[in-house]
Amino acid sequence: MPAGTVLGGSMPGDRGRVATLGIEATTNQAICCIRLGESIDSPYFVTLLRLGSTLLLRRVGGAQPNLSQDLIRSLSLPIPPLPLQQEFARRIAAVERMKSAHRAHLAELDALFASLQHRAFRGEL
């Protein structure tokens, strides 16, 4: 699968999930394959879909609504010049790294707090 290819889940459970793959893959009715042109940066496109929940809002069906190929083809998304897309993707990646670091620090603080509580209730403080 070319680097400019985005896979999107179209069935319940995976609906609206998107990812890029740099390998060849076989798809079925549960996976939508979106091939991007050279003027669209795949990390930008994936982030745009994830942040806007665009795919989740546009589904059809009754008890188990699905995304159709026609709905995906009809998406109207802002496509700025390639350098702006790449800058957007870089900034989103930086924010994701900061979020990950903050989660790790929060886990450390939770562990320290639990340790202090344990010691306090045992009368060791």
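In this text the structure is predicted, and so the values were computed from the model without any measurement.
Evaluation of the side-chain contact (heavy atoms from CB on, under 4.5 Å) rule for E124 yields R119, R122 as partners, not counting sequence neighbours. Annotation: side-chain contact (heavy atoms from CB on, under 4.5 Å) contacts of R90 (sequence neighbours excluded): Q86, E87. Take P81 and apply the side-chain contact (heavy atoms from CB on, under 4.5 Å) test, not counting sequence neighbours, and it matches P83, L84.
Of the possible donor and acceptor atoms, one in the side chain of Q85 sits under 3.5 Å from a partner among the backbone N and O of S39.
The NE2 atom of H105 sits 6.5 Å away from atom NE2 of H102, with the distance rounded to the nearest 0.5 Å. Note: Y44 OH to L82 CG = 11.0 Å, rounded to the nearest 0.5 Å.
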